[in-house]
Every structure is written in C-alpha cells, then in structure tokens.
Amino acid sequence: MAELQLKGIYKKYAGNVVAVSDFNLDIKDKEFIILVGPSGCGKSTTLRMIAGLEEISDGELYIGGKLVNDVAPKDRDIAMVFQNYALYPHMTVFENMAFGLKLRKTAKDEIKRRVEEAARILDIEHLLDRKPKALSGGQRQRVALGRAIVREPKVFLLDEPLSNLDAKLRAQMRTELAKLHKRIGTTFIYVTHDQTEAMTMGDRIVVMKDGFIQQVDTPTKLYDKPCNKFVAGFIGSPQMNFIEGIVLKDGDNYFFEYGTEDTKTRKGVKYRILLPEQKNAKGCLDPYVDSEAPVVMGIRPEHISDNDAFVAAHPEATVKAHVDVTEMMGAETYLYMTSEGYMINARVEPKTLTRAGDDISIAFKTEFIHLFDAKTEKTITN
C-alpha cells in the first residue's frame, strides 16, 4: 500500500521565510495527485519534502502508515523524475535505467528483466543501446521514467517532467503518462504550473498559492465550483472573465449591476444582469443587497455568446462590447473585447461574422455565472 498522509506540514527557511504552510492532504493508494500553482507557490518544495530531499520544518509525513520524517530518501521507497531528466551522458539507455538497481546490488538477471519490461511498457526497447545524446527530448523523458519504473517504488514523484518538451510532444506525453499510471498501478504525485496538464491527468488536483492549499478537488469540481477567485482564474484556459459590480434586489429578483458612474446613487447605470434564482441559494446574496461592498462576477469564455438569436432571446443578460482582437482557432473563435473598461474574452462559434473593431452585443449564460466577495475573494454562490 502506498497511502500518504501529510499532516500540518511546514517548510521554513532562514530569515523566517515560509515556503509551505499547514499543508494537510491524504493521498489514496494508486491515486494520481497533481500539485498545481504559479511559480513560487511551494509545490516543488512539498514534493521534495515527500522525497526527503528537503527537511520538514514542522508537521508529520506518513507513507504506508509509517512516519518517515527522519527516514533517508533511499529508504522511503520513492522514485523521482526530474524536469531535466538527469541522465548520465556516458551510459547507454540500458545502463541509465539499470544504474539504481546496480547500486542496490540487484541480481543481473533481475536487472535485465526489469529494464526490458520497463522498456517494453515505454516503447523504447529499440533504444537500449543508444546514449542520451542520440535521443530526442521525448525519448529522454521516457528513459527517465523507465529508470524510475525499474525500481518498482511505492510512489512516483514527478517534478514538471514535461516542461522541456514542445507543445505537440507534451500533449502526447500527457496521454502516455496517464496510460502508464493505469498500467503500473502506483501512486503518482505530479507537480506542474500548467493547469492543462493538471486538468487532463489528475484524479484530484491540489491548487496552491503562496505556500497554502487553496482547494483540493476533482478537475470537474474545480472547474465548475471554484472556492475562490484565484482558483476560478487559475483553472481554465482561456481564464475566467471578472467584472466588479454590485448586487441589488428589485421585487423578488436579484441583479448584478456594473458600469455605474456612482455606486452609491447608482446614477448612470450601464448594465443590469438578472441572476437566476438558484444563485441566491440559502439567501447567500442578501448580505450584499444595497451594500457598498462590491462583488466580482466571474464567467468563463465559453458561456458568452455573440449569436444574434441568443442575444435577442436574453435581453436581461445582454451587454455591449467593443471587439479588440479576434483569433480564428479552427474549431472555435476567440473574441477579445472590452466592456466598460473590463477585458472580456469569449469563445464563440467558428463561423462567427464578428471581426476586430466591431461594436457588438453579447449575452451571458447566467446559469454559469460565479459571484465572489471582492474583499475576501471567496465564492458567494457555490
């Protein structure tokens, strides 16, 4: 079993610099966990603490139910794959993959069996006699993975292993890693700053910022129900649009209003968007009604339409926008617009007639609107 428990983990450096704060996470056996976040958020530091390459300042780390804070890296039964592959240039692929087993004085027949089996899984059997300089980036990555696989560890730790590859190969290797995880049935902990990798590979995703866990959830729940504005903006590509405004109530209806010249008197109101009834579940919007406290509306690009029929059918969710740039992507078109000073990006049908320089009407699919407290940035409506 390769369950991991991280309980109240901290990493502090000299000068009272805290890289990781109160990190709590239970990882199931055979789970594929992704640590994702911007550079400097503490994700690689956390991975290195699990590996034993960084000392844990405070807290407890358990692997398979055993406390391993003071256990040497070589005795944790963990294999780590680094960003730079770390292959020995003077050794063949076979020798690189076998090196760790030789250090452990594994029998030659067993080394041969494990290396050939890993090479078969990774489709690099024909490369075993080559040296790293004769390999492509993707092939080197497979060798680095193979070197980890032959050790048959309880846990794989992968620190941005695809960041040195070009976009096409990175997409291919994402698929290969997901298949590899299912094939060998081992716990994977994967660090990346690329939210696309996180969304397409992980069973669960840990979103980090400034050393703190922001949210731990499945890719679908992170996308549909982010707990705060940071998670909402970080997960999804292109990222969620944000517009600051206020909430008001008229009769039984709740509205999001923005583009006002004066938020106190609401003079010069530009746009008032009718919010669906379910957005006020348990009266969550009531504290913001007739308050000077602003809220932030979030909406994803795919939930904005420039279709004339849709716009005409939803006058309560329609605003004006100026189109600055259009990007034809083949299967879809991106519109980069401004509305009352706010940047808005929409993902629309590929056959749209909208072009840069146009002033158009767009409509929001209001059932997908998110609302956040402008001060705390926590979600209001999820």
Side-chain angles (χ1 to χ4, degrees), residues 1-2 29-34 47 50-51 53 73-192 194 196-198 200-203:
M1 299 290 286
D29 183 39
K30 300 181 182 179
E31 192 171 17
F32 199 136
I33 283 281
I34 307 274
L47 199 75
I50 295 172
L53 303 177
K74 66 182 180 65
D75 298 322
R76 294 192 182 191
D77 203 4
I78 278 175
M80 190 160 180
V81 179
F82 295 94
Q83 179 179 349
N84 62 1
Y85 316 143
L87 301 178
Y88 297 106
H90 62 287
M91 294 184 182
T92 65
V93 168
F94 184 98
E95 291 166 340
N96 265 285
M97 292 173 64
F99 186 70
L101 297 178
K102 287 182 178 178
L103 290 180
R104 295 185 174 198
K105 302 190 185 307
T106 305
K108 286 185 177 181
D109 289 347
E110 179 65 8
I111 291 175
K112 186 173 185 295
R113 183 192 69 78
R114 290 197 194 181
V115 170
E116 289 179 348
E117 172 65 10
R120 184 185 61 78
I121 291 172
L122 294 165
D123 193 25
I124 54 173
E125 295 168 284
H126 59 295
L127 303 176
L128 290 175
D129 293 329
R130 295 189 191 180
K131 291 186 177 179
K133 66 180 180 181
L135 305 178
S136 67
Q139 289 170 335
R140 291 178 190 178
Q141 182 59 73
R142 290 170 189 262
V143 175
L145 286 168
R147 184 175 54 192
I149 290 171
V150 296
R151 290 180 51 193
E152 299 179 353
K154 289 181 180 177
V155 183
F156 277 91
L157 305 179
L158 301 102
D159 190 5
E160 305 214 29
L162 308 184
S163 60
N164 289 338
L165 304 180
D166 62 58
K168 182 178 180 181
L169 191 53
R170 201 157 57 236
Q172 178 185 333
M173 285 302 297
R174 284 201 302 265
T175 304
E176 293 299 324
L177 278 172
K179 288 163 57 179
L180 177 64
H181 170 252
K182 287 181 172 58
R183 184 177 297 184
I184 64 178
T186 305
T187 306
F188 274 43
I189 306 175
Y190 187 105
V191 160
T192 181
D194 185 337
T196 302
E197 286 183 18
T200 55
M201 294 168 62
D203 296 323

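Computed from heavy atoms alone, side chains included, the values below leave out hydrogens, waters and symmetry copies.
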Verify, without hydrogens or angle tests, whether [X] (side chain) and [Y] (backbone) share a donor-acceptor contact under 3.5 angstrom.
X	Y	result
Asp29	Ala2	yes
Arg174	Thr200	no
Glu95	Thr92	yes

With a sphere of 6.0 Å drawn around CG of Asp129, does it hold more than 12 non-hydrogen atoms of other residues, nucleotides or ligands?
no

Heavy-atom pair with the smallest gap, counting every atom of Phe156 and Ala148:
CE2-CB, 3.3 Å

Would you give the length of the straight line joining atom NE2 of His181 to atom CD of Glu176, rounded to the nearest 0.5 angstrom?
15.0 Å

To the nearest 0.5 Å, what is the distance between CG on Leu135 and CG on Leu127?
6.0 Å

Lys/Arg-Asp/Glu bridge criterion (N-O < 4.0 Å) met for Arg120, Glu116
no

Salt bridge (Lys or Arg N to Asp or Glu O under 4.0 Å), paired with Glu152, selected from Arg113, Arg147, Arg104:
Arg113

Should Leu47 and Met80 be marked as a side chain to side chain contact (heavy atoms under 4.5 Å, CB included) after you check the CA-CA gap, both sets of side-chain angles, and the distance that decides it?
CA-CA 9 Å; Leu47 199 75; Met80 190 160 180; 3.7 Å; yes

Contacts of type side-chain hydrogen bond (donor to acceptor under 3.5 Å, both in side chains), residue Thr192, not counting sequence neighbours
Glu197

Suppose we screen for side chain to side chain contact (heavy atoms under 4.5 Å, CB included). Which residues come up paired with Asp109, at least two apart in sequence or across chains?
none

